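On a predicted model such as this, the values are computed, not experimentally measured, just so you know.
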Amino acid sequence: MAARKPGLIALFDVDGTLTAPRKAATSEMLAFMQDLQKVVTVGVVGGSDLIKISEQLGETVVNDYDYVFSENGLVAHKEGKLIGTQSLKSFLGEEKLKEFINFTLHYLADLDIPIKRGTFIEFRSGMLNVSPIGRNCSQEERDDFEKYDKVHNIRGKMVSVLREKFAHLNLTFSIGGQISFDVFPQGWDKTYCLRYLKDFHEIHFFGDKTYKGGNDHEIFESERTIGHTVINPDDTMKQCTKLFLANQD
């Protein structure tokens, strides 16, 4: 098999790209990624925190890939070592955070949807994750909410209200996964991780939510990346095989 091509990296979203949403990667995918890493440098970038990414890609994820970027790269690992962190609290300050959280909780309290569970706002190192149904819902409830949201646009409407109300905070709202959306300062989307990849002149990014408003859109559209839209993990393997593994000795 050929040696790695210098200056090239394949960078992957997690949910919907390497795994089904919030589910663990299959053994086939994990084996495929290890084979791919023999040919190209590999990185993963997810909006979730490292605990959730580890649940999906394995407890040793930071050692399994060349780069692992959790929370869009606000927590960054290279070859198993922590190389950078960023804090939402230190950036916005306690008063602005409280202003946003209080309003959001009132909005959620008045929101009439079929069911609600718990953990409606999850505070992460570099972002807030807001879920109208609550992150404690079961997988069945998660699937049902996703279908309901596609019809009633619950998340989209909520994002529109919050974007107008808090325009002065210069926040970005990014809808991803099945039940929630992320909130973070402008520029703290997945393009944030690119600051750690300055040695690469060819960055291929693979993601499923590359449309405007999706949490892969900004990095997909970045002038620094070659963007690839995938529809599921099988499609990811198919596209990567064609791009990187075909015609290898």
Peer 1: Picking from Asn232, Asp13, Leu57, what satisfies side-chain contact (heavy atoms from CB on, under 4.5 Å) with Thr19?
Peer 2: Leu57
Peer 1: Is the backbone of Gln37 close enough, under 3.5 Å, to the side chain of Arg4 for a donor and an acceptor to pair up by distance?
Peer 2: yes
Peer 1: Apply the test side-chain contact (heavy atoms from CB on, under 4.5 Å) to residues Gln239 and Val230: give CA-CA distance (whole Å), side-chain angles for both, the deciding distance (0.1 Å), then the verdict.
Peer 2: CA-CA 8 Å; Gln239 291 195 37; Val230 301; 3.7 Å; yes
Peer 1: For a side-chain contact (heavy atoms from CB on, under 4.5 Å) check, start with the C-alpha distance between His204 and Phe244, then their side-chain angles and the critical distance, and finish with the verdict.
Peer 2: CA-CA 11 Å; His204 290 263; Phe244 305 122; 3.9 Å; yes
Peer 1: Could you tell me if the ring centre of Phe220 sits under 6.0 Å from that of Phe205?
Peer 2: no
Peer 1: Do Asp182 and Ser174 get their side chains close enough for a donor-acceptor pair, meaning under 3.5 Å?
Peer 2: no
Peer 1: Using a distance-only test with no angle check, is there a side-chain donor-acceptor pair under 3.5 angstrom linking Asp15 and Gln56?
Peer 2: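 There is such a pair between these side chains.
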Peer 1: Give a yes or no on this: more than 12 heavy atoms of other residues, nucleotides or ligands lie within 6.0 Å of atom NZ of Lys116.
Peer 2: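 Yes, NZ of Lys116 has more than 12 neighbouring heavy atoms, counting only those of other groups under 6.0 Å.
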Peer 1: If you measure from SG on Cys240 to NZ on Lys242, what distance do you get to the nearest 0.5 Å?
Peer 2: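 Spacing of SG (Cys240) from NZ (Lys242) equals 12.5 Å.
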Peer 1: What are the two closest heavy atoms between Tyr148 and Asp112, and how far apart are they?
Peer 2: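 That would be OH-O, 4.2 Å.
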Peer 1: With clusters defined by side-chain heavy atoms of hydrophobic residues (ILVMFWY) lying less than 4.5 Å apart, directly or transitively, does Tyr65 cluster with Tyr67?
Peer 2: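 No, separate clusters.
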Peer 1: Could you state the interatomic distance from NE2 (His228) to OG1 (Thr210), rounded to the nearest 0.5 Å?
Peer 2: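 Here the rounded value is 11.5 Å.
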